[in-house]
Amino acid sequence: MTTLLFRDDAYLRSTSAKVIDVLPDGAILLDQTVFYATSGGQPGDSGALIAGDGNRIVIATAIHPDGDKTRIVHVPAEGQPTLSVGDAVTAEIDWDRRYRLMRMHTALHLLSVAIPLPVTSGSIGEDKGRLDFDMPESPEDVAAIEAAVNAMVDADYPVTSEWISDDEMLARPDLIKTMKVKPPMGQGRVRLVRIGDIDLQPCGGTHVARTSEIGRLTIGKIEKKGKQNRRINLHFA
């Protein structure tokens, strides 16, 4: 099991750590990490592990092995130096990339408030993100949606997290906005992300501390993805 430091502090850019396993393909497990692993539409972090001898192992991404959310595998880029179990390292993420993902992830929560319909899927990128909604027709007033998300950005709402038990989550299906993606359950408790008094939903991703950090947003292309599905793209202005 790896201690997931980003859950308590998404702004933590680096940490000391110890190698607890090296898989046959060279992927590395640490006792604790600041790397977020690909999950919930958010890409895994990139960055580096710096060994005691100064060797720098470039990490291309981070994933949960076999869907095990208690473990994170750090996947090195090709041709990197090797590590051994017990090695001490400093793990550091590509902060500029992570921060853009944090801003966009939080922005998509605001989009789900501006469009109060069930979400069928989503994806988070460094420059844009998107949510697919259970929506038979494209929205008529796109400008109003854009104004609504930017008003929430300007309101500078605090973004906080809290925990409830798996049983409490099962008793609160009203909190779940996603139709096909299940909440991050199975560890006995579920993390909720709260944005001021406007939104509360289960989410294991990384977010900014206040909505004003997101910056201005624009609504991009609206795509038809099936009879009952519309994709709304969101961009940084």
Side-chain angles (χ1 to χ4, degrees), residues 10-11 36 38-43 96-162 164 169 171-184 190-237:
Y11 290 80
Y36 180 83
T38 302
S39 182
Q42 181 173 332
D96 289 343
R97 177 175 180 267
R98 155 71 84 76
Y99 189 56
R100 292 182 71 85
L101 292 170
M102 288 165 58
R103 290 168 55 210
M104 182 53 70
H105 197 155
T106 312
L108 291 179
H109 281 233
L110 300 185
L111 183 61
S112 76
V113 175
I115 304 176
L117 294 173
V119 174
T120 58
S121 69
S123 179
I124 301 149
E126 299 169 54
D127 299 307
K128 70 175 184 177
R130 55 91 173 164
L131 290 179
D132 291 8
F133 290 92
D134 183 24
M135 180 189 297
E137 301 293 338
S138 295
E140 295 182 1
D141 195 344
V142 176
I145 298 172
E146 185 172 295
V149 292
N150 280 308
M152 288 182 272
V153 168
D154 293 341
D156 194 28
Y157 289 111
V159 183
T160 58
S161 63
E162 56 204 70
I164 61 174
M169 184 73 254
R172 292 290 308 276
D174 57 298
L175 295 177
I176 304 173
K177 296 188 177 185
T178 53
M179 296 175 66
K180 296 180 180 179
V181 180
K182 294 182 179 180
V190 179
R191 181 171 175 260
L192 303 179
V193 171
R194 183 184 296 274
I195 301 180
D197 58 358
I198 62 169
D199 190 47
L200 179 67
Q201 60 177 293
C203 184
T206 59
H207 301 272
V208 292
R210 304 195 68 89
T211 58
S212 60
E213 295 181 52
I214 295 170
R216 305 300 292 176
L217 298 162
T218 60
I219 300 294
K221 186 177 181 182
I222 298 176
E223 304 170 77
K224 183 177 181 179
K225 293 293 181 179
K227 185 178 180 180
Q228 290 285 123
N229 206 56
R230 295 297 179 276
R231 175 169 295 174
I232 312 294
N233 290 280
L234 190 65
H235 301 254
F236 291 127

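- Proximity of a side-chain donor or acceptor of Arg191 to a complementary backbone N or O of Cys203 within less than 3.5 Å is detected.
- Glu146 places a side-chain heavy atom less than 4.5 Å from the side chain of Asn150.
- Atom-to-atom distance recorded for Ile145:CD1 and Glu140:CD is 10.5 Å, nearest 0.5 angstrom.
- Between Ile214 and Leu110, the closest side-chain pair of non-hydrogen atoms falls below 4.5 Å.
- Arg130 places no side-chain N or O within donor-acceptor distance of the main-chain N or O of Gly125, the cut-off being under 3.5 Å.
- Tyr99 and Tyr11 have tilted rings, their planes meeting at an angle from 30° to 60° on a 0 to 90° scale.
- For the salt bridge (Lys or Arg N to Asp or Glu O under 4.0 Å) condition, the pairs that include at least one residue of residues 110-126, sequence neighbours left out, are Arg97-Glu126.
- Under the 3.5 Å distance criterion, the side-chain polar atoms of Arg98 are matched with a main-chain donor or acceptor of Ala10.
- The side-chain heavy atoms of Phe133 and Thr120, taken from C-beta on, include no pair separated by under 4.5 Å.
- Within the model, atoms CE of Met135 and CZ of Arg230 stand 8.5 Å from one another, a figure rounded to the nearest 0.5 Å.
- From Gln228, atom CD reaches atom CG of Leu117 across 10.5 Å, with rounding to the nearest 0.5 Å.
- Using a 4.5 Å heavy-atom threshold, the side chains of Asp199 and Val193 count as separate.
- To the nearest 0.5 angstrom, Asp134 atom CG is 11.5 Å from Ser121 atom OG.
- Contact check for Ile219 versus Pro139: no side-chain heavy atoms found under the 4.5 Å cut-off.
- Put simply, the side chain of Tyr157 does not reach to within 4.5 Å of the side chain of Thr106, judged on heavy atoms.
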Check: side-chain contact (heavy atoms from CB on, under 4.5 Å) between His109 and His207: does it pass, once the steps are laid out?
Finding: CA-CA 10 Å; His109 281 233; His207 301 272; 3.2 Å; yes
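- Salt bridge annotation for Arg103-Asp127: absent, with no cationic side-chain nitrogen under 4.0 angstrom from a carboxylate oxygen.
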